[in-house]
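Structure record follows, encoded as structure tokens.
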Amino acid sequence: MEKVFEFRPAEERLYAEWLAEDAFVPDWSALGPGYAVLMPPPNVTGVLHVGHLLNGTLQDVLVRRAWQEGRCVLWQPGTDHAGISLQVRVERELAAQGVDPRSLSREEFLAHAERWRDGHGDRILHQMRKLGICCDLSRRVHTLDPAYSRTVLHAFVELYRRGYVYRGRRMVNWCPVTRTAISDEEVIPQRRRGKLYRVRYALVDDPDSSIVVATTRPETIPGDVAVAVHPSDGRYRDLVGKFCRRPFPEAPIPIIADGAVDPDFGTGALKITPAHAAVDFAVGQRHGLPLREVIGADGRMGILAGRELAALTREEARERALQLLRERGLLLGEEEHLHSVGISERSGVPVEPRLSVQWFLRYPRVREAALAVTEGLLRFFPGHWEKTYLHWLDHIQDWCISRQLRWGHRIPVWYRKGADRDAADGRHVALDPPADGENWEREEDVLDTWFSSALWPLGTLGWPDAKAMVGNGFDRFYPTAALVTGPDIIFFWVARMVILSLEFLPGDGSPASLRRRIPFRHVHFTGIIRDGRGRKMSKSLGNSPEPLDLIGRHGADGVRFGLISSAVPGQDVQFSEERLAQGRHFCTKLWNACRLRLLQEGEPGCDRSSWRAIGDRLCAGELDSIDRDILFRSLEERRRWDRALAAYEFQPALLRLERFFRDDYCDWYVEVCKVRLRREAAGRSFLAVQDFLLRHLLQMLSPTIPFVAQELWRCLRLGGDGELLQKVLLEPAEALERLLAGRGIAFDGEDRRRSGALRAVLGAIRALRAEVGGSGPVYCLPGVRWEEGSRELLADLLGCGDFLPLAAAGDRPLAVTAWGTFAVDRDGGGRDRLWAERERLRGHVEASRARLAEGSAFLARAPAPVVEGARALLEKNLARLGQLDDLLAQGGGGGKLP
RNA sequence: GGGCAGCUAGCUCAACGGUUAGAGCAACCGGUUUACAUCCGGUAGGUUAGAGGUUCGAAUCCCCUGUUGCCCACCA
């Protein structure tokens, strides 16, 4: 076995082997229900970042663990066509080549887009392979694949048929850069410092009087069709019904009363621009006001804005409008104003509320989607995200699903040429075009990318094509077991998948039906990765490390271990490369622990190729408390491990296991075994114990650090030749306990006590030696009663030969005795420690006594078992205190003791 | 404006109503006899953000305040 684990070549070799053996292809022969995980499809325009690594690692752990349980496993990968994002990228590249994208026909543009996608396509998926992910790439799905596209269009047609999809002229969030509508979820509110201007609108029949409005957007003045005040606002009561003069283009507009106006904001008078603000639109509807669209689709001012403003951008128009107001003496004042502006997620510019004809989805099954969670059929980890989800469902708004883009699923609607597009008979909504295609024209818009993503659980498993569903194992894998994703897409993706899946799979709101129809049973939300200073990882900040470099430096295993160990459940992840280095160190130590095991055995080597083989080498008679304790401690750890993983508590689980490996196995048990080996004691069962522990550890760790675990599995000959560790059944703790029982090995509390006492004494003596800076002989007070073998073992672990009787000590003897956890040095070096310990104990005892004093409130009110416990504790502490006092008396002599 | 989550050692976190709050990292001290590109042992470090309340007992439950991050909301 090599002295060091060269992870770079090993990882490459092992991964190639796994691929060659089709190790990630679902095993249809496996019994029991399937286990499926849907990988959140990375964006085709995306770049691999540390978040992908964390997310991928966690899913890989779940999936590999499912393999270990012998289940039929599917980890479904794929990519998302990233509508807006990709179209913008391609348009920018075309523009850089001097091609105006708008001059291209739809087909020409799509050809460019497809070429771009095919070039970048699933790069992230391939990069993630460096991490060792075990998804079956042969099953990858792209949202624009023909089969998946049919799923999407079929869903649209069905939703239309069922009355959930409708076409409407509405106020939408318009992105002037990409020139498309976007959904409410794609608008990011941003705090911005702006100005609130007060503008005078003169009254038509009394030009000396006026009404003053407050606005942050003077450029929309040309779109004003009214000024509104609150109906109960006394200041303006007399003005309601009169007309005032819009400054430009000049025109009389009515002063109206509407409850939507907040009398306490600004001047209490609101200019109404129905075409460019949602509230104003509503007011306009109520009052039958006309629409004046003064800002065009490209964010520039239109003809109606008047000669002065037309053709300017929104920003230029604002400056110009202010200038005009100043010239005319209409600008009465301006003040700093902090307000929130909706920013388009994709282009980063303020969205423009704009009236346009779009397709909307009225969400179906909202109540059932909530019920699935409140009934506990669909569970979130950590659970508090359920509130966020339910709150969104409670306030759900129709979803604008059409996009004025070319890249995406073109909406399957045809309009009869020349007919009214809103008339039902002028429309053909179906997967296929009408027979007399020449008389129809197809809808230009495409569907929101998230609409297609929302069908991911159904589409990837073949729905609605019955044959494909059978081929893809729908019945076996649906509902999928777990989804691992970031909480930032809980509405964008998670909730929508739930809703559409519930709609399309037949059933009612009963728990049994919901359980069958939800797309996944568990959702684990990971934290967002932040840098050491708490900032989000981002390219522009330059704080985002290159993932592949990290893997190069620390190995896939090191990165996986490190990321998990920094991912505290329910919290954002503070990234630190130090953690990854620790992960690498852990792998190195594991490697060395296994190497040591091989160095310890002569030829021929032991058989540890199965649990049975190891069990056969365990002779109950050769084991003592230390062996039994560590064996059963390992089973305890295993149970905790299982419990923690079932709750998606990866980090606490892994850290605990690491502690067990380092502290209990390496620093205690292996050191004990070294002593035994040196002594050439009869019996080698402790080597079998090591094999038992290492085998178990490697199996538990394999999902987290698959490469080094697999390599060690082979080096230690823990399985047959070329056996895939990932597919070796992980026996439940109960089975291992039965195996031990079958060999006559049973656990007894006394084992834990003795083993613990020995470790404590060892620690105490070491501490004392460290304190006095010695490594010389260790002395022992007379009268110490050693348990069988303990004295020799401790002396060997300390490397001090034997404990010398204190009487034989020289001038500056280092005297140590073993009792409980205490040690003492005759010169006083250890006495302060003892004294401090005694003080601590005395404090406990006194507190306990006070609590248990006759007539105390504690005695009167506390439940009986608690009182019992307190009494027992007092007894225990009293006993220790007494022994401690004896010890202090024996070692005493200095003036420090009472 | 509403909601969610956090605030515990320099840093990252435990402690899930029950002894006088514990780990890891960093710091400092010491040891490394060949498993350990490192490892081991030890020392120090706390008014649990602040105030009030409930309780026999509070880091833990409740109320208020402060603070940080996130989400939602049409304040122009």
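Each chain gets a letter, A, B and so on, in the order the sequences are listed, and its residues count up from 1.
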Using a heavy-atom distance cut-off of less than 4.0 Å, which residues of residues 858-865 of chain A contact RNA chain B?
-> A:Phe858, A:Arg861, A:Ala862, A:Pro863

Between residues 269-285 of chain A and RNA chain B, which residues have a heavy-atom gap below 4.0 Å?
-> A:Leu270, A:Val279

Results of salt bridge (charged side-chain N to carboxylate O under 4.0 Å, His left out) for A:Glu186 - residues two or more places apart only = A:Arg403

Using a heavy-atom cut-off of under 4.0 Å over every strand shown, decide if A:His384 touches base, sugar-phosphate, or nothing.
-> sugar-phosphate

Residue set satisfying side chain to side chain contact (heavy atoms under 4.5 Å, CB included) with A:Lys195, at least two apart, ordered chain then number -> A:Tyr197, A:Glu334, A:Glu336

Sorted by first residue and then second, give each side chain to side chain donor-acceptor pair (under 3.5 Å) pair with at least one member in residues 217-227 of chain A; sequence neighbours left out.
-> A:Tyr201-A:Asp224, A:Arg217-A:Glu219, A:Arg217-A:Glu352, A:Glu219-A:Arg318, A:Thr220-A:Lys271, A:Asp224-A:Lys271, A:Asp224-A:Thr273

Using the test side chain to side chain contact (heavy atoms under 4.5 Å, CB included), find all partners of A:Pro274 that sit at least two apart in sequence or belong to another chain.
-> A:Val225, A:Ile272, A:Leu291

Which residues pass the side chain to side chain contact (heavy atoms under 4.5 Å, CB included) test with A:Pro652, sequence neighbours left out?
-> A:Pro569, A:Glu649

Contacts of A:Arg643 meeting salt bridge (charged side-chain N to carboxylate O under 4.0 Å, His left out) (sequence neighbours excluded), chain-then-number -> none

Using the criterion of both pairing distances under 3.5 Å for Watson-Crick and G-U wobble pairs, give all stems of 3 or more consecutive pairs involving RNA chain B.
-> B:1-7 with B:66-72, B:10-13 with B:22-25, B:27-31 with B:39-43

Residue list, salt bridge (charged side-chain N to carboxylate O under 4.0 Å, His left out) with A:Asp184, at least two apart or on another chain | none

Among all residues two or more places apart in sequence or in another chain, which pass the side chain to side chain contact (heavy atoms under 4.5 Å, CB included) test with A:Arg633?
-> A:Asp629, A:Phe660, A:Asp664, A:Arg752

Counting only pairs under 3.5 Å, give me each side-chain donor-acceptor contact of residues 855-877 of chain A, with atom names and distances, residues two or more places apart or in other chains.
residue, atom, partner, partner atom, Å
A:Ser856, OG, A:Arg851, O, 2.6
A:Ser856, OG, A:Ala853, O, 3.3
A:Ser856, OG, A:Leu859, N, 3.1

May I ask you to evaluate whether A:Arg851 reaches the phosphate of B:G18, defined as a side-chain N or O under 4.0 Å from OP1 or OP2?
-> no

